[in-house]
2 protein chains.
Amino acid sequence: MGEKTAALFRLISHGVYVIGVTDGERRNAFTAAWVMQASFSPLMLVFSINPEHYSYRLLQAGGVCAINVLADSQLDLAEHFGRSGIPDKMAMGDWRKGKTGAPVLGNALAWFDCRVSHYCQAGDHQLAVCTVVDAGPGKAGVPMLYGDTGNMDGSAGIYPDALRDNLKNKII
Amino acid sequence: MGEKTAALFRLISHGVYVIGVTDGERRNAFTAAWVMQASFSPLMLVFSINPEHYSYRLLQAGGVCAINVLADSQLDLAEHFGRSGIPDKMAMGDWRKGKTGAPVLGNALAWFDCRVSHYCQAGDHQLAVCTVVDAGPGKAGVPMLYGDTGNMDGSAGIYPDALRDNLKNKII
């Protein structure tokens, strides 16, 4: 269901990221694809997050995150952090604390330690607009592309069959 | 200058797009890389636009745009629509009018005809949050990746040398 629409949206290029969050005490991380640069001065990244997820609460409470870029060889990390409700989720990965306190993944391709500037609504998601406080390279490699992961996250079933259905949900 | 920082940010995967805008009378189009999906229901795309550009005025006046996905073979289109102040810019490309009235590029990989829902500030850019009204496939091919275009747009010189400089401009 919705596979044609999903295929169309897969032509919008996204990488695959594990985003680490903390409220100062508890830590968590989740897999995301909807990440992009938003500004040069200051350097800002923006990502789209489902506000129903546990990580969103930690993000809001702590106001910091680390956006870690996965390499094309790191599908295991993408899958692990794409699941919900795993006990001891942070046991996988080489984590350390960034300048902001956010969990930085040492074995990613690169990491961007960020402070959330503000949020902005976007349909069923929230855009987190983030100022990059610190960043650095990790291991060498090529970024994983979301379009190459197939239907890893089962999202193809979420897309509507017909785009005309999109207007029924319009928020404009 | 800033090449190390630019190389780091190039690990954030972006495609390359030509975004067509109109105020109902005048048309224009510009090359953009900072585009991503933002929502499933409704289906929304978001892109980051420099508010000093002419296209931003048309976008604001018309409230519509078509996000056209370039193939890896279409560097000529990316370069053409990446320039400012070209007379008769729309003479290049196979343009038609989408449902919203926005200029759709028939020879792109895919097109997304959108209505702007709202804007959101992000540093020196504005995020345009867009509801997808109509979309379709174009020619067959593989999406162009911004990271593969080298320094086509001269942006490497815009990145600061040291990330600590980023905080001097902080808007948080």
Side-chain angles (χ1 to χ4, degrees), chain A residues 4-5 7-9 11-17 33-48 67 69 109-110 112 115-118 120-125 127 129 131-137 143-147 155 158-160 163-164 166-172, chain B residues 4-5 7-9 11-17 33-48 67 69 109-110 112 115-118 120-125 127 129 131-137 143-147 155 158-160 163-164 166-172:
Chain A
K4 271 192 187 170
T5 313
L8 216 49
F9 278 80
L11 294 171
I12 306 285
S13 296
H14 299 102
V16 182
Y17 308 85
W34 299 348
V35 175
M36 69 176 188
Q37 190 172 342
S39 165
F40 281 121
S41 179
L43 286 167
M44 298 186 106
L45 298 177
V46 57
F47 65 91
S48 191
I67 300 174
V69 184
L109 272 193
F112 297 86
R115 206 170 289 283
V116 179
S117 168
H118 54 282
C120 175
Q121 209 188 331
D124 55 14
H125 278 57
L127 298 175
V129 184
T131 306
V132 179
V133 171
D134 196 12
M144 182 186 293
L145 288 175
Y146 177 72
S155 70
I158 303 176
Y159 287 87
L163 268 162
R164 64 176 177 278
N166 202 37
L167 294 179
K168 292 182 191 157
N169 303 313
K170 69 179 174 184
I171 59 163
I172 46 177
Chain B
K4 272 193 187 171
T5 313
L8 216 49
F9 277 80
L11 294 171
I12 306 285
S13 296
H14 300 100
V16 181
Y17 308 86
W34 298 349
V35 175
M36 70 175 186
Q37 190 172 342
S39 166
F40 282 120
S41 179
L43 286 167
M44 298 186 105
L45 299 177
V46 57
F47 64 91
S48 192
I67 300 174
V69 183
L109 272 193
F112 297 86
R115 205 170 289 283
V116 179
S117 168
H118 54 283
C120 175
Q121 209 189 331
D124 55 14
H125 277 57
L127 298 175
V129 184
T131 305
V132 179
V133 171
D134 196 12
M144 182 186 292
L145 288 174
Y146 176 71
S155 70
I158 302 175
Y159 288 87
L163 268 162
R164 64 176 176 278
N166 203 36
L167 294 180
K168 292 181 192 160
N169 301 315
K170 70 177 174 183
I171 60 162
I172 46 177

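Within every chain, numbering begins at 1; the chains are lettered A, B, ... in the order of the sequence lines, protein sequences first and strands thereafter. Because the structure is predicted, anything quoted here is derived from the model rather than measured.
The CG atom of B:Leu43 sits 10.5 Å away from atom CD1 of A:Ile158, with the distance rounded to the nearest 0.5 Å.
Ranked by non-hydrogen atom pairs under 4.5 Å with chain A, the options B:Leu109, B:Val16, B:Leu45 are led by B:Leu45. Across B:Ile67, B:Val35, B:Ile12, the residue that shares the most heavy-atom pairs under 4.5 angstrom with chain A is B:Ile12. Note: B:Ala38 leads B:Ser155, B:Cys120, B:Ala110, B:Ala38 in heavy-atom pairs under 4.5 Å with chain A. Taking chain A as the reference chain and counting heavy-atom pairs below 4.5 Å, the highest number among B:Ser39, B:Ser13, B:Ala7, B:Ala33 is found for B:Ser39. Contact count versus chain A (heavy atoms, under 4.5 Å) is highest, among B:Met36, B:His14, B:His125, for B:Met36.
Heavy-atom distances place the side chain of B:Leu127, and not its backbone, under 4.5 Å from chain A. Looking at B:Val46, the atoms closer than 4.5 Å to chain A (heavy atoms on both sides) sit in the backbone and in the side chain alike. Residue contact with chain A, scored on non-hydrogen atoms closer than 4.5 Å, involves the side chain of B:Leu145 exclusively. For B:Phe47, the part lying near chain A is the backbone, with the side chain staying farther off; criterion is any non-hydrogen pair under 4.5 Å.
Contact record, A:Ser48 with B:Gln37: CB-O, 4.3 Å, taken as the closest heavy-atom pair. In terms of heavy atoms, B:Gln121 sits closest to A:His118 at O-NE2, 2.6 Å. Closest of all the heavy-atom pairs between B:Pro137 and A:Leu8 is N-CD1, 3.5 Å.
Ring geometry for A:Trp34 against B:Phe40 counts as tilted: the plane angle lies between 30° and 60°, on a 0 to 90° scale.
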